[in-house]
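Written out below as structure tokens is the structure these notes cover.
All values below were derived from every heavy atom in this structure, side-chain atoms included, with hydrogens, water molecules and symmetry-related copies excluded. Per chain, numbering begins at 1; letters A, B, ... match sequence-line order.
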Amino acid sequence: MSTTTATAARHADAPARRRAFDWAPARTYIQAGIILIWCLAPFYWMIVTAFREVGYTFDPTPFFTHFTFDNFATVFDESRGNHFARNLWNSLIVAGVTTVISLVVGVFAAYALARLKFRGKSLVLGFILGASMFPGVALITPLFQLFTNIGWMGSYQALIIPSISFSLPLAVYTLTSFFREMPWELEESARIDGCTQGQAFRKVILPLAAPATFTTAILTFIGAWNEFLIASQLSNDATKTVTVAIASFSGAQPHQEPYTAVMAAGTVVTIPLVILVLVFQRKIVAGLTAGAVK
Amino acid sequence: MSTEAPTPTSAKDALAGTHHMPGKESADRRQVTQGRWAYTLLAPTLILLGVVILYPIINAIIMSFQKDSGLDPATGFFTEGGFAGFENYTHWLLQQCGSGPALGPCPPGTLGAQFWDAMGTTFFFTIVTVALETVLGFWMAVIMARAFRGRAVIRAAVLVPWAIPTAVTAKLFFFMFAFDGIVNKLLGTQILWTGSEWPAKWAIIISDVWKTTPFMALLILAGLQLIPDEVYEAAKVDGASAWQRFTQITLPLVKPALMVAILFRTLDVLRMYDLPAIMTGGANGTTTLSILVVDQIRQGLNNASALSTITFLVIFLVAFIFVRFLGANAVDAATTGKK
């Protein structure tokens with residue numbers, strides 16, 4: 001400890017962190033402020049524009065002016081060829097079913113990868129990880145032909161099946177990392193304390209695994225909800241998802257990019273996600289970084 | 001990738017094993033039963049992935065050796081289907097259009113002539129965005145790792161760009177980069193951002209960096225948090241400068257997490273589609289390999305299959321280089337145990 005004092009004295013001219021008057025905290029706050037603005041400003045601008053009258057689309061005033069809900073009406077206006085409610089429903093079905101399948105199937109694989117010892121584990125994990133990095137375009141071409149031949153173009157399964165190709169590996173990878181961290185020895189303890197295997201699973205393992213599974217479900221759902229490439233090629237008007245709809249929006253005037261309406265649509269799609277992410281912030285960060293750091 | 005699972009045999013596992021079945025033989029038997037049980041649990045996942053990935057891939061490879069029948073857009077001649085050999089591959093790699101006597105270099109403007117440009121654009125995007133994201137992500141992570149009031153707000157805020165769908169991000173930045181948009185107004189410029197070559201490239205790069213830097217920052221932050229404070233204290237005591245502490249402690253210790261983050265992001269940008277497809281439609285030199293594949297689907301599926309196979313091989317090769325030579329081992333990161 002005495003050396004610390006000596007060093008502090010030696011570095012008297014260097015900025016020391018724990019002094020009340022030094023500049024280090026201020027610098028931190030300034031940089032934190034820049035990060036905050038960088039991350040939120042575009043998002044804020046989308047919301048401001050979503051509530052702005054069409055005539056003032058390019059008004060640079062940085063707060064809410066010419067406030068209106070018209071853009072949201074345009075988004076859901078079927079007479080303009082926008083079927084946003086149906087698009088939302090389609091996205092919900094595709095992302096929801098994809099998530100459920102990935103989780104139900106993936107949870108067993110993750111348990112095996114995290115808990116059991118067996119030959120070829122690295123190979124299996126490498127395959128699963130490789131699958132998650134797989135380029136979507138490499139799937140689309142053969143599936144385009146297959147689905148055309150069997151009349152699946154424009155069906156939900158035509159969107160769900162390719163989505164599983166990236167969401168299942170993601171689910172398995174995230175769950176495996178979570179399961180590794182769980183105190184499985186508690187299961188053993190419960191058995192020793194007289195629980196049956198079923199009780200040990202229900203009362204000990206399930207409550208521990210539920211948050212991990214839930215977090216993985218959120219990550220998988222967001223991934224599937226945000227998918228664009230597959231949906232843009234393999235959906236039709238009936239099964240078009242929100243991301244595809246937003247990319248091809250019809251506004252009030254033809255031949256004019258309906259910026260305000262698109263920003264309104266973007267707001268509708270994004271706000272639930274942002275709320276979800278902020279509520280489960282800690283879990284999501286844990287899920288995102290699980291596996292990458294050990 | 002190591003061939004054998006580097007799972008650390010924790011003491012409690014060993015104890016549990018010997019507790020129930022002492023002796024080496026029964027331990028071996030236990031391993032075998034575990035193996036069988038493991039593959040039973042893995043079967044649904046492996047079968048499903050086989051169906052949704054291996055089947056299309058094998059199909060694509062078979063298709064890539066077939067000729068597309070119909071009018072050749074480049075030559076105007078009618079082409080019969082049938083076995084194509086490597087013609088679809090030479091079409092892209094050597095930029096040769098037509099077949100038989102009509103074989104020749106692809107006319108400018110056709111998709112075949114764009115292959116190497118698309119390859120260059122894809123790698124340009126990859127190198128620039130990953131480099132920018134790494135630097136910015138590192139900076140954000142270092143700030144977020146500091147203890148200050150309101151840190152939670154910053155950590156929540158960085159999740160916002162990550163949560164926004166890429167299609168929405170593309171439209172949002174398309175709007176901000178519009179001629180009358182906020183970016184030109186703030187900069188006092190009159191740039192046709194999405195309408196001319198280099199501005200279009202930078203508009204896409206900036207959008208991608210905005211959206212994905214948070215992911216990078218969070219991964220790096222997770223790596224930073226594993227470094228104990230005492231290490232820094234000790235280095236300070238030894239008189240290491242801030243720069244020395246960064247290059248000799250932070251960088252080496254964060255390297256595993258950083259390499260995995262860079263690997264994930266690199267493979268992600270190599271298949272970039274959404275941003276250029278929505279912001280420019282691939283115009284003005286922003287056609288990536290993925291966009292070229294999708295454009296080709298409309299002109300001939302077999303040729304598109306060859307291109308998508310090439311794209312897949314390119315990405316596979318880059319992943320291999322990362323894992324083999326740069327030590328980005330995502331598999332080990334997941335299989336090896338506790339911190």
Side-chain angles (χ1 to χ4, degrees), chain A residues 3 7 28 31-32 35-36 39-40 42-43 46 58 60 105-106 108-109 111-112 116-119 121-122 125-126 129 131 133 135 137-139 141-145 161 164-165 172 176-177 185 226 228-229 243 246-247 259 262 266 269-270 273-274 277-278 281 285 288-289 291-294, chain B residues 1-2 5 12 31 34-35 38 41-42 44-45 48-49 52-53 56 59-60 140 143 146 148 154 156-161 163-168 171-172 175 180 182 185 218-219 222-223 237 257 260 267 271 273-274 278 290 293 297 301 304-305 308 311-312 315 330-331 333-336:
Chain A
T3 38
T7 340
T28 302
Q31 294 182 71
I35 296 174
L36 197 68
C39 288
L40 295 185
F43 177 63
M46 175 171 78
F58 293 112
V105 171
F108 296 107
Y111 176 86
L116 302 176
K117 273 174 281 179
F118 59 92
R119 271 181 184 283
K121 187 192 270 191
S122 286
L125 209 82
L129 208 61
M133 290 295 130
V137 282
L139 294 180
T141 340
L143 289 182
F144 196 89
Q145 190 173 49
I161 289 171
I164 289 174
S165 74
V172 172
T176 305
S177 316
E185 61 271 18
N226 294 356
F228 174 75
L229 169 61
T243 48
I246 283 176
Y259 289 114
V262 171
V269 175
T270 310
L273 290 189
V274 168
V277 163
L278 295 186
Q281 180 206 341
V285 172
L288 271 180
T289 54
V293 267
K294 276 291 137 65
Chain B
M1 269 177 241
S2 51
K12 56 182 185 287
Q31 174 112 25
Q34 271 210 349
L41 292 174
L42 284 167
T45 298
L48 200 53
L49 285 181
V52 298
I53 291 180
N59 223 336
M140 285 187 187
I143 301 296
R146 287 186 192 157
F148 62 97
I154 304 294
V158 296
L159 281 173
V160 170
I164 297 179
T166 314
V168 175
K171 276 293 178 189
L172 172 56
F175 168 58
D180 296 318
I182 192 74
K185 284 199 175 119
L218 289 171
L219 285 189
V237 170
V260 171
L267 300 187
R271 53 185 175 173
Y273 176 78
D274 304 10
I278 295 171
S290 289
V293 175
I297 286 177
L301 275 173
S305 298
S308 72
T311 308
F312 162 61
I315 293 179
V331 174
T335 47
T336 47

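- Across all their heavy atoms, B:Ile53 and A:Leu139 have their closest contact at CA-CD2, 4.1 Å.
- In this structure, the portion of B:Tyr273 lying under 4.5 Å from any heavy atom of chain A is its side chain and not its backbone.
- Residues A:Val105 and B:Pro44 form a side-chain contact, since some pair of their non-hydrogen atoms from C-beta on lies under 4.5 Å apart.
- Taking chain A as the reference chain and counting heavy-atom pairs below 4.5 Å, the highest number among B:Leu301, B:Leu48, B:Val168 is found for B:Leu301.
- Heavy-atom neighbours of A:Phe58 CZ from other residues, nucleotides or ligands within 6.0 Å: above the threshold of 12.
- B:Ile278 touches chain A through its side chain: at least one heavy atom from C-beta onward sits under 4.5 Å away, while N, CA, C and O do not.
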request  = Apply the test side-chain contact (heavy atoms from CB on, under 4.5 Å) to residues A:Asn226 and B:Asp274: give CA-CA distance (whole Å), side-chain angles for both, the deciding distance (0.1 Å), then the verdict.
outcome  = CA-CA 10 Å; A:Asn226 294 356; B:Asp274 304 10; over 6 Å; no
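- Nearest heavy atoms, B:Leu172 versus A:Phe43: CD2-N, 4.3 Å.
- Between A:Thr289 and B:Leu218, the shortest heavy-atom contact is CG2-O, 3.3 Å.
- B:Ala38 and A:Ala112 make their closest contact through O-CB, 3.8 Å (heavy atoms, listed as atom of the first residue, atom of the second, distance).
- Across all non-hydrogen atoms, the minimal contact from B:Ile143 to A:Thr28 is CG2-O, 4.2 Å.
- Contacts between B:Lys185 and chain A at a heavy-atom distance below 4.5 Å involve the side chain alone, from C-beta outward.
- Only the side chain of A:Leu278 comes within contact range of chain B, with heavy atoms under 4.5 Å apart.
- The part of A:Val172 that comes within reach of chain B is its side chain, from C-beta onward, which places non-hydrogen atoms under 4.5 angstrom from that chain.
- When each of B:Thr166, B:Leu49, B:Thr311 is checked for heavy-atom pairs under 4.5 Å with chain A, B:Leu49 comes out on top.
- Taking A:Leu36, A:Val269, A:Val274 one by one and counting their heavy-atom pairs under 4.5 Å with chain B, the maximum is reached by A:Leu36.
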key: Test log, rule side-chain contact (heavy atoms from CB on, under 4.5 Å), inputs B:Leu41 and A:Leu116   = CA-CA 10 Å; B:Leu41 292 174; A:Leu116 302 176; 4.0 Å; yes
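- Among A:Gly106, A:Ala131, A:Gly266, A:Ala32, the residue with the largest count of heavy-atom pairs under 4.5 Å with chain B is A:Ala32.
- Nearest heavy atoms, A:Pro142 versus B:Ala60: CG-CB, 3.8 Å.
- With chain B as partner, the option from A:Tyr259, A:Tyr111, A:Phe144 having the largest number of non-hydrogen pairs under 4.5 angstrom is A:Tyr259.
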request  = Please report the C-alpha distance between A:Leu229 and B:Arg271 in whole Å, then the side-chain angles of each, then the deciding distance to 0.1 Å, and finally whether the side-chain contact (heavy atoms from CB on, under 4.5 Å) criterion is met.
outcome  = CA-CA 10 Å; A:Leu229 169 61; B:Arg271 53 185 175 173; over 6 Å; no
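- For B:Val158, the parts lying under 4.5 angstrom from a heavy atom of chain A are both the backbone and the side chain.
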Steps toward side-chain contact (heavy atoms from CB on, under 4.5 Å) verdict (A:Val262, B:Phe175) = CA-CA 9 Å; A:Val262 171; B:Phe175 168 58; over 6 Å; no
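- Heavy atoms closer than 4.5 Å to chain B are found in both the backbone and the side chain of A:Ile246.
- Annotation: side chain of B:Ile164 is not in contact with side chain of A:Leu273 (no heavy-atom distance under 4.5 Å).
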